[in-house]
Amino acid sequence: MKKRIAALITALIMLLGVMTGCGSTSESTEATEAPAETADVSDTADTAADSGEDKYAAAYAKYDPDTVVMTVNGEPVTWSEYYYWIYMVAQDMDSYYSGALWSEAISDEYTFQTYAQTFAESYIAQYWIVEQEAEALGVSLTAEDEEYIAELLAEDIETYGGGDEQAFYDYLASTYISQSLYDRMTSDAQLYVRVFESYFGNMGEDLSDEDVLSYANDNDYAYAKHILFLTVDADAGEELSDEEKAEKLALAEQTLAELQSAGEGETLEAAFDEKMNALSEDTGLITYPDGYLFTTDMMVTEFEDAAFALGDYEMSDVVESSYGYHIILRLPITDPDMTVMSTEYPLRYVVASALFSNIVDEWYDYVEVEYTEEFENIDFDELFSV
């Protein structure tokens, strides 16, 4: 059966956070030198049985680790690589849907089995995508990358193997991660970064100011300052009394009236800054003294709706939210390196990442997955029956 993988995930963020229990390994890349003797994943059955995971070990043992399950753009994918991704979904099933059958529907589109297969296909396809694109672009890991990889591997050995290299690889084997899969996952994570940089430079530095600002203005980004009069006790987390709220509202309305006669444009902004620094009770003012650069779903609804309804240098009326009363001043986005709220990254990098995500989506259009005859009609209920 042949499939085309078309943008199965929104962006190719290589394997960050997907390794079960392997913390920093998700950010590492390829190990520089393998230990002389490592654990074979095929030895996992006894380890899994001892830990109460006998059905996982039994399922894994039904096929030789080197059996080809499918091909991705003609390249073989073996059972040892494929099974890890299925195992991850199986663990989640047991945790959150105990007793469910793989053939049961979890949505209009997926059963548990087809979801697990799509999950495996999408992540496995990532390897081939990034490797093929890197080769086409002439991109490879640097000596600095290799050094970084070695440092992260050493950290993993210390954290998950107690400093013993063999114990670390035994740990990986107990979670159905072979040494070669670990190396590939970590190597491609760093290779992904290098491919990104080939398009946009370090942190998107090759993206022009004009392109950054144009993207932000065309894709629902807003820059705003506000003066917040809290109606919630910040320490206790409790609402203020009605009397206290009335006092805050009166102060907000008085402040708004004064600002409405303060002028326009930069003159208004200067007056607004003075009031903001003197009166605002926003605890985020310390972190974001120049205001907030944000996009949709980053702010409370009332604030967001009011801010997006304004034009540059326009000021809102008093806006009430669950935090209190806001006076909002929207400003033009002029700094391509201003930090985007909640990301802690500069706008230039955020935009470059979004543009790169679009490129990656296009790569998926050219990925073909074809299962071998043996696995085309595999039944996961039967596979995991003990």
Side-chain angles (χ1 to χ4, degrees), residues 1-31 41 56 59-60 63 65 67-93 95 102 106-107 109-134 156 172-173 175-196 353 356-357 359-372 375 378 380 383:
M1 179 179 66
K2 183 174 290 188
K3 295 184 180 181
R4 290 179 70 85
I5 304 297
L8 290 174
I9 53 178
T10 302
L12 180 59
I13 304 176
M14 287 299 302
L15 307 168
L16 301 182
V18 299
M19 291 182 65
T20 303
C22 282
S24 60
T25 63
S26 60
E27 295 181 358
S28 56
T29 45
E30 180 182 335
V41 183
Y56 299 138
Y60 182 79
Y63 296 94
T67 301
V68 176
V69 176
M70 63 184 188
T71 59
V72 178
N73 286 359
E75 297 292 336
V77 176
T78 65
W79 179 241
S80 63
E81 180 177 349
Y82 183 80
Y83 185 76
Y84 167 67
W85 304 104
I86 304 302
Y87 168 68
M88 288 184 63
V89 177
Q91 283 191 309
D92 284 343
M93 276 183 65
S95 296
W102 285 95
I106 57 174
S107 70
E109 186 177 2
Y110 293 109
T111 64
F112 282 103
Q113 175 168 334
T114 57
Y115 170 78
Q117 290 173 310
T118 302
F119 179 81
E121 292 162 13
S122 63
Y123 274 104
I124 292 169
Q126 291 181 50
Y127 308 138
W128 301 109
I129 288 173
V130 72
E131 291 166 7
Q132 290 173 0
E133 291 302 318
D156 283 342
L172 289 184
T175 61
Y176 301 95
I177 302 175
S178 66
Q179 182 186 342
S180 60
L181 177 57
Y182 170 86
D183 289 348
R184 189 174 193 182
M185 292 166 76
T186 54
S187 175
D188 285 355
Q190 193 64 15
L191 191 60
Y192 174 84
V193 174
R194 295 305 175 204
V195 172
F196 168 85
S353 297
F356 191 54
S357 175
I359 293 171
V360 170
D361 284 348
E362 293 176 0
W363 293 347
Y364 272 102
D365 289 336
Y366 301 97
V367 174
E368 290 186 343
V369 171
E370 186 173 4
Y371 280 88
T372 62
F375 287 90
I378 187 172
F380 280 15
L383 175 66

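Below, all heavy atoms of this structure are taken into account, side chains as well, without hydrogens, waters or symmetry copies.
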| query | Stepwise, does the side chain to side chain contact (heavy atoms under 4.5 Å, CB included) test hold for Ile129 with Val367? | reply | CA-CA 8 Å; Ile129 288 173; Val367 174; 3.5 Å; yes
| said: Let me confirm one number: the CG-CD distance from Asp188 to Glu131, rounded to the nearest 0.5 Å. | reply: 4.0 Å
| said: I need the Glu370 CD to Asn73 CG distance, nearest 0.5 Å. | reply: 11.0 Å
| task | Could you tell me which residues satisfy side chain to side chain donor-acceptor pair (under 3.5 Å) with Thr114, sequence neighbours excluded, listed by chain and number? | result | Thr111
| request: Any chance you could lay out the side-chain hydrogen bond (donor to acceptor under 3.5 Å, both in side chains) test for Tyr182 and Asp156, step after step, and finish with the verdict? | output: CA-CA 11 Å; Tyr182 170 86; Asp156 283 342; 2.9 Å; yes
| If you measure only the distance, is there a donor-acceptor pair under 3.5 Å linking the side chains of Tyr82 and Glu121? | no
| query | Can any side-chain N or O of Thr372 pair as donor or acceptor with the backbone N or O of Val68 at less than 3.5 Å? | reply | yes
| query | According to the salt bridge (Lys or Arg N to Asp or Glu O under 4.0 Å) rule, which pairs have a member within residues 77-87, sequence neighbours left out? | reply | Glu81-Arg184
| field | Interatomic distance, Tyr176 atom OH to Ser80 atom OG [nearest 0.5 angstrom] | value | 12.5 Å
| query | Counting N and O atoms only, with roles assigned by atom type, does the side chain of Trp79 sit under 3.5 Å from a partner on the main chain of Tyr60, one being a donor and the other an acceptor? | reply | yes
| query | Under the criterion ring-ring contact (aromatic ring centres under 6.0 Å, His included), which of Trp128, Phe356, Tyr192 is the partner of Trp363? | reply | Phe356
| field | Test ring pair (Phe, Tyr, Trp, His ring centres under 6.0 Å) applied to Tyr83 and Tyr56, step by step | value | CA-CA 10 Å; Tyr83 185 76; Tyr56 299 138; 7.8 Å; no
| query | Say you draw a straight line from OG1 of Thr71 to CD1 of Ile124; how long is it, rounded to the nearest 0.5 Å? | reply | 11.5 Å
| field | Approximate separation, where rounding is to 0.5 Å, of Met185 CE and Ser178 OG | value | 9.5 Å
| Does the ring center of Phe112 lie less than 6.0 Å from the ring center of Trp102? | no
| task | Find out whether Tyr127 and Leu181 are in side-chain contact, i.e. whether some heavy atom of one side chain is under 4.5 Å from a heavy atom of the other. | result | yes
| message | Restricting to non-hydrogen atoms, name the atom on Val195 and the atom on Ala134 that form the minimum distance, rounded to 0.1 Å. | response | CG2-CB, 3.8 Å
| message | Taking salt bridge (Lys or Arg N to Asp or Glu O under 4.0 Å) as the definition, give me every residue that meets it alongside Glu133, ordered by chain and number, with sequence neighbours left out. | response | none
| request: Please report the C-alpha distance between Tyr87 and Val89 in whole Å, then the side-chain angles of each, then the deciding distance to 0.1 Å, and finally whether the side chain to side chain contact (heavy atoms under 4.5 Å, CB included) criterion is met. | output: CA-CA 5 Å; Tyr87 168 68; Val89 177; over 6 Å; no
| query | So, for Tyr110 and Thr118, which heavy atoms are closest and what is the spacing to 0.1 Å? | reply | CE2-OG1, 3.5 Å
| field | Flag side-chain contact, heavy atom, 4.5 Å: Tyr84 against Leu172 | value | no
| said: In the structure I gave you, are the side-chain heavy atoms of Ser122 and Trp85 within less than 4.5 Å of one another anywhere? | reply: no
| task | Would you check, one step at a time, whether the test side chain to side chain contact (heavy atoms under 4.5 Å, CB included) holds for Met88 with Phe119? | result | CA-CA 10 Å; Met88 288 184 63; Phe119 179 81; 4.3 Å; yes
| Step by step, would you call Tyr371 with Gln117 a side chain to side chain contact (heavy atoms under 4.5 Å, CB included)? | CA-CA 11 Å; Tyr371 280 88; Gln117 290 173 310; 3.9 Å; yes
| query | How many angstroms lie between OH in Tyr115 and CD1 in Ile86, if you round to the nearest 0.5 Å? | reply | 10.5 Å
